[in-house]
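Residue numbers begin at 1 in each chain, while the letters A, B, ... track the order of the sequences.
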Amino acid sequence: EGERYVLVSHAPDSDSWWNTIKNGIALAGEQMDVEVEYRNPPTGDLADMARIIEQAAASGPDGIITTLSDYDVLSGPIQAAVDQGIDVIIMNSGTPEQAREVGALMYVGQPEYDAGYAAGLRAAGDGVGSFLCVNHYISSPSSTERCQGFADGLGIDLGDQMIDSGQDPAEIKNRVLAYLNANPDTDAILTLGPTSADPTLLALDENGMAGDIYFGTFDLGEQIVEGIKAGTIQWGIDQQPFLQAYLPVVVLTNYHRYGVLPGNNINSGPGFVTADGLTLVEEFAGEYR
Amino acid sequence: MSTSTPSAAGDERIKERSRLRNALVRPELGGICGTVLVFTFFLLTAADSGMFSPTGFLNWGTVSAQFAIIAVGACLLMIAGEFDLSVGSMIGFAGMSIAILGVTFGLPIWLAIVITFVLCTLIGGLSGYIVVKTGLPSFIVTLAFLFILRGFTIFLPQLIERKTIIGGISDAAEGDWLAPLFGGKVLNGLFVWLGDAGLIETFSRGSRQGQPVVDGVPMLVIWALLLIIFGHILLTRTRFGNWIFAAGGDAEAARNSGVPVDRVKILMFMFTAFCATVFATCQVMEFGSAGADRGLLKEFEAIIAVVIGGALLTGGYGSVIGAALGALIFGVVQQGLFFAGVESSLFRVFLGVILLMAVILNTYIRRLITGEK
Amino acid sequence: MSTSTPSAAGDERIKERSRLRNALVRPELGGICGTVLVFTFFLLTAADSGMFSPTGFLNWGTVSAQFAIIAVGACLLMIAGEFDLSVGSMIGFAGMSIAILGVTFGLPIWLAIVITFVLCTLIGGLSGYIVVKTGLPSFIVTLAFLFILRGFTIFLPQLIERKTIIGGISDAAEGDWLAPLFGGKVLNGLFVWLGDAGLIETFSRGSRQGQPVVDGVPMLVIWALLLIIFGHILLTRTRFGNWIFAAGGDAEAARNSGVPVDRVKILMFMFTAFCATVFATCQVMEFGSAGADRGLLKEFEAIIAVVIGGALLTGGYGSVIGAALGALIFGVVQQGLFFAGVESSLFRVFLGVILLMAVILNTYIRRLITGEK
Amino acid sequence: MSQPIIQMKSIEKHFGAVIALAGVSVDIYPGECHCLLGDNGAGKSTFIKTMSGVHKPTKGEILFEGQPMNFAVPRDAMNAGIATVHQHLAMIPLMSVSRNFFMGNEPVKKIAGIPFFDHEYANEVTMAEMRKMGINLRGPDQAVGTLSGGERQTVAIARAVHFGAKVLILDEPTSALGVRQTSNVLATIDKVRKQGIAVVFITHNVRHALAVGDRFTVLNRGSTYGTATRGDVTPEELQDLMAGGQELATLEGSLGGTV
Amino acid sequence: MSQPIIQMKSIEKHFGAVIALAGVSVDIYPGECHCLLGDNGAGKSTFIKTMSGVHKPTKGEILFEGQPMNFAVPRDAMNAGIATVHQHLAMIPLMSVSRNFFMGNEPVKKIAGIPFFDHEYANEVTMAEMRKMGINLRGPDQAVGTLSGGERQTVAIARAVHFGAKVLILDEPTSALGVRQTSNVLATIDKVRKQGIAVVFITHNVRHALAVGDRFTVLNRGSTYGTATRGDVTPEELQDLMAGGQELATLEGSLGGTV
Ligand SMILES: Nc1ncnc2c1ncn2[C@@H]1O[C@H](COP(=O)(O)OP(=O)(O)OP(=O)(O)O)[C@@H](O)[C@H]1O
Ligand SMILES: Nc1ncnc2c1ncn2[C@@H]1O[C@H](COP(=O)(O)OP(=O)(O)OP(=O)(O)O)[C@@H](O)[C@H]1O
Ligand SMILES: [Mg+2]
Ligand SMILES: [Mg+2]
């Protein structure tokens, strides 16, 4: 009763996708009647994130839920927290092996490279031979891994097919337009989240390629869901962030209260969301999906 | 050698200077040279990439227009001797404000827009008021506002809506009388006619087959043109324009001469905030959503465009036309690199180098004009 | 009323001022007040959150030390009348340089570190050289370098390694003689003894069971202290320090008096780059990897710490101790808000408000000291 | 003499801990050249700034044409007819001469009801006024930064005169000027005074003061020694007063009389 | 007269399109006060700046004690014994008086082989020198910004004298000063000259020049009218020369003779 859990992410303040995580952890906190906190480095600087994990450990919570977006940077502080007697669950990024190495209880998430690879395989099956990866967060390694995984899944070289789109919607839109203009025979587009997917949708609308070009995206959002419904987007890879935040709290609480613990890691994704069965997704996109 | 007129005209101590050179030497010269250079460069390297097709044109035109909207505000403010680092945060804040008011609170969109304009210009006025009253450098004061506004932009929607992206604005704006002023397109008829006449390409596949590839001029571009014209006339043709120069050139001297320096500066802060709000409103209307991360680093981009356009960072000198050319250069380079297929992360390197070269050229031109030492 | 000494002492035109007040009024006063206030605040609100436990102490201590390292450089540079917006990009660049040299090219780490230090100080010197020779504002020149360096930091590892993060530095640094100077910890023995004596907590499980939770003072903190002491002595106790003040106070006057202003400014740009490189090296050695996004916005944080510490943005006035206190305040507030459980997006709002208040207080103090009007 | 145009009554001005003026009373009459003399830091500049609306006096009353005057900003004073050429030049180097000339008094031409800056008129007037003062500009859009110190000073005075001031305040207009420029400025003062304008002239040079002054007020350390009329006071007495009644350093033989 | 300490031979200096000096030759002897006179913009400041190492002449030769002098920076000139008080003050308002006093000439004390700024010595000397000049500081760490213009000027001169200059260059040191301060400065010049130091004194005031000058060089529009010796020239002639040979505006009756 009154256990305290801290979730530490690597996302900058303004990254909208993490909103679902915040909502998931808040809901879990409410339902389990525990205290939960969400922490992140304001600029997304991973070194700052390491300090936040140290800080969280110093504040003596019962458990820490954290992403492991760079093993080198974060393993030290996480291990120290574990050694202090704090239970840790790794979520979202990292791999199950890395989670085991730092001494975490379990891993909940979707390995980025693997997800990209799976998507690439699927696209290859659909006959895609070239693509554009719209990377709106070029400096984050996991974004690059998604593009790399996709290329490897397709069995082609990533080369110049990934663009640094920046985060301004108009710029993303126009950069996509510029790229497609210069490379009109591009088969497919891969976006990495709502930030890049929403303007890309508009871009395709504008140059008339909407529905014509193969379009897949990571992560869901209101407009992505509408795009899937309209047939503009073939699929969205849903890693179900809600679960990544919700489940660790539930697992930790039950572990602390009753000593029970699932025997395995939980893969929250990749789940491919397609035009089938969209109603619930639609209702909660951006909030719980 | 004249004996009665000691100075300037016919002064034997001034070496001769050609007329042509005097005619050429104007504040915008740097911007003009830059524009010519940039276009030449891309005409040579990216002519066949579609950069100069109608769609390509629209593409970098829109991006440049975006920069121009905030550059006009930043330009006038910089000439008035101050600058505003909170432009980017203001863009995020304004967009969020429209979204929260219009979608969450369900106000009619026109009202949400009007309230946001009033609120944001007031905030701009507040930072101006603090700068003017405390005599602190605007760098510091607006840096504080950069953080404060961004903080609220992230915090408020999270608190109210449990989201950091608020969508659904397009639906809410349906049928609104004010919204099309920011998000619509004009001259649709003209382009359809051009398309039918075969003067511009039409879509050959997809949902819009047969329609012209460019179906209108976005209001964003119209706003940019309007603001440029307004800014240019205000600065060069009105009494207030003279005050702007005076306030930035030497606030103390201007004050002693009866120029209401404080009022001028505060008004320019408000105008900058106004421009940022126009930017945000156009964006929100076009994309139908507001996000907490909108406008990041836009303050630097505005300042860069203005400086490329020949304005003096310390105030008292510059031109709106120059700033607009700066925005054009910025937009063309940014998009052109994509058309030319240059590795996109090198864009930053190019930008830095262009900025340096532009500012060195401009300094040289300015010294010729003003006799600065 | 004396008839022979017209000024100051015993001047009837100066109202009386108490001695205490004169003793209190020093450049660091603002920083001291701020520090006291901030600690009081957190002692009251977050005392039981572990903020003042050994690990908590180490936590905000390390963060503050980080800020302090770059603040010292920024402080001296600001007093010399310039500032550097490329600090953050330089941090990213330096880290990446060490990683590429040490891991990809397989050079011994000590050599990678030495080459990086030389390279980065040279780049700092280059921006200084451009500022000094062209007379351009350092805002513009270093803004250009902000983009150029960040561009290369993203582009190079992509080109060479097809990644934006390069790890494996810990392995490469194994057994290196220079690496522990940046990444190690000192006073381990003391803490083990403290742990054994039960004075600080020990790990309760895992591989390090029985060891104290704090096992030493990170070299980062040592570097911060060394740089603060070095900077303080340089500024207040040496001839060069006098030149720094003079160069920032009025470059023309200083030049006329025989101060080698250009050299002083370029050296200070190099020192700032040096501090950024120390920061980057400590970070890379501690965390074992370099990423393209390291150091984002750190330039603002450095400037904020310096300004909170009482330095004048326009140069010629400030203190290293003040800047260090500014860094301490910044670090304590940032981490303290986490300890106090405040919604983290509000951190920016707090930061903005603190910055505004600090700078207003400091301006008041400075006017008392210098008789500025 | 007629009615004074400005009456300053026991003006006090404090800046924080500094008492710059400790109660100074002076009357200024139309058509006179009133010299304000005194040591460095005596408060001359501060005094005329309270007159021209830059500072509000801490205490004391100012009557303009018999009415209490309450100028919130310099503009009000200017509109009432008080023109000032400040010690630290009121010119902006980066702006053109014509923009500087009309700064704060821009001529306006209405086009379609909107008031525009009338550049043509401004340029014409500027060129003409400058020619009158013996300065030939390259063009009205020449930047003030390209003018010499003396030329700038002349622009500032020409401007003040042009705008039909009733009172013209000159704060050390001659201190940085060469002999010829100085003589021009003094002649201008003489001319202006003859037009019935009141001139307040601050200088450290006794000879300049004696050349054009009708009455002399000496300030010392924030208060006044009173006002003397031309003829009532010898150059030596005046010089003694200006030095604050303190002994002057003596130079061996060479320097007798006035400095 | 002995050997000249500085010989300036046909000095030219161009700034871009502006020809500031068109070939000026002057010799300066130890123990003399050499007055440099001339109109605004005549090139006086530029001329002495080539002497003190601030500008490199475009053409011409400078001999210092018979040796060609090649000063790259002001510091070299200073070390050789040429001290300059520039027209636009060489004081930094935000810094303390003692730091300003020793700016560029900081006294150094070695502790453990490392040279430290010797604050104690600096403070003592500053207080002493200021007292000699009749200025009582609150303390050596009082900021220069709190001093009056006259006081600042005095600090600058005291500093130049203190550092044992062989040549002391003063660029319009009296232009902004009150009567008493001026008289102090002139007395100081007199004292310095008697110590065998060469003084180069720039002024627009004929009487100041006549009071202390031994020889007078008049510059006009970048070239020189030659040098006159005290006694060979009447005040009226000198004044005519200073005005560039052009007619002075005449004031009705009142102002005869020197301005
Ligand atoms: N804004 C201000 N704030 C504080 N002190 C001031 C201010 N303005 C003037 N003073 C002080 O008031 C006193 C009078 O200054 P003022 O400028 O009026 O002297 P002045 O007679 O014009 O001297 P000068 O002949 O050197 O020009 C001085 O001690 C000055 O330092
Ligand atoms: N750095 C510079 N760049 C360009 N022109 C300059 C520079 N310095 C001086 N000049 C020009 O050279 C000429 C001589 O200037 P200088 O300052 O030497 O005159 P001066 O005799 O000292 O005049 P004053 O009596 O007004 O001080 C002027 O026309 C001036 O504008
Ligand atoms: Mg004065
Ligand atoms: Mg001069």
Side-chain angles (χ1 to χ4, degrees), chain B residues 83 85-86 89 127 130 133-159 164 252 292 296-297 300 303-304 307-308 312-314 343-360 362-364 367 372-373, chain C residues 83 85-86 89 127 130 133-159 164 252 292 296-297 300 303-304 307-308 312-314 343-360 362-364 367 372-373:
Chain B
F83 57 63
L85 289 180
S86 68
S89 299
S127 49
I130 295 177
K133 285 302 155 195
T134 60
L136 290 174
S138 46
F139 183 93
I140 299 293
V141 173
T142 57
L143 184 59
F145 274 89
L146 180 156
F147 285 107
I148 294 175
L149 287 177
R150 182 66 68 191
F152 279 122
T153 309
I154 297 169
F155 176 69
L156 290 181
Q158 183 67 34
L159 185 77
T164 47
E252 197 54 34
L296 277 178
L297 289 186
F300 281 149
I303 291 175
I304 291 175
V307 169
I308 290 182
L312 185 59
L313 193 74
T314 46
E343 165 66 38
S344 52
S345 48
L346 274 180
F347 163 63
R348 294 185 173 81
V349 178
F350 275 88
L351 181 61
V353 173
I354 288 176
L355 173 60
L356 265 188
M357 291 187 329
V359 85
I360 290 174
N362 283 326
T363 310
Y364 177 71
R367 289 193 182 153
E372 231 182 301
K373 268 122 217 179
Chain C
F83 59 60
L85 290 180
S86 67
S89 298
S127 49
I130 295 178
K133 286 301 156 195
T134 60
L136 291 174
S138 46
F139 183 93
I140 299 294
V141 174
T142 58
L143 184 60
F145 274 89
L146 181 157
F147 284 105
I148 295 175
L149 288 177
R150 182 66 68 191
F152 279 122
T153 311
I154 296 173
F155 175 69
L156 290 181
Q158 289 236 104
L159 184 77
T164 50
E252 197 53 35
L296 276 177
L297 289 186
F300 281 148
I303 291 175
I304 290 175
V307 170
I308 290 181
L312 185 58
L313 194 73
T314 46
E343 165 67 35
S344 62
S345 50
L346 277 180
F347 163 64
R348 287 156 195 256
V349 178
F350 275 88
L351 183 61
V353 173
I354 289 176
L355 174 60
L356 264 189
M357 291 187 329
V359 86
I360 290 173
N362 282 327
T363 308
Y364 178 72
R367 290 193 181 153
E372 230 183 300
K373 267 123 219 178

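Taking the six-membered ring for Trp and thresholds of 30 and 60 degrees, B/F139 and C/F83 have ring planes inclined between 30 and 60 degrees apart.
Contacts between B/L149 and chain C at a heavy-atom distance below 4.5 Å are absent for every atom of the residue. With a threshold of 4.5 angstrom between heavy atoms, C/L297 does not approach chain B through any atom at all. Within the 4.5 angstrom heavy-atom criterion, no atom of B/I354 approaches chain C. C/T363 touches chain B through its side chain: at least one heavy atom from C-beta onward sits under 4.5 Å away, while N, CA, C and O do not.
Between B/G352 and C/A144, the closest heavy-atom pair is O-CB, 3.4 Å.
With chain C as the partner, the residue from B/T134, B/L346, B/V307, B/L146 showing the most heavy-atom pairs under 4.5 Å is B/L346. Between chain C and the options B/F152, B/F350, B/F147, the largest number of non-hydrogen pairs under 4.5 Å is found for B/F147. The candidate from B/T153, B/I140, B/L85, B/I360 with the greatest count of non-hydrogen atom pairs under 4.5 Å with chain C is B/I140.
The main-chain N or O of B/S86 is never found under 3.5 Å from a side-chain atom of B/R150 such that the two would form a donor-acceptor pair.
Annotation: side-chain contact (heavy atoms from CB on, under 4.5 Å) contacts of B/V141 (sequence neighbours excluded): B/S127, B/I130, B/V131, B/L136, B/F145, C/L356. For B/L159, the side-chain contact (heavy atoms from CB on, under 4.5 Å) partners at least two apart in sequence or on another chain are B/F155.
Distance CG/C/L313 to CG/C/N362: 12.0 Å, rounded to 0.5 Å.
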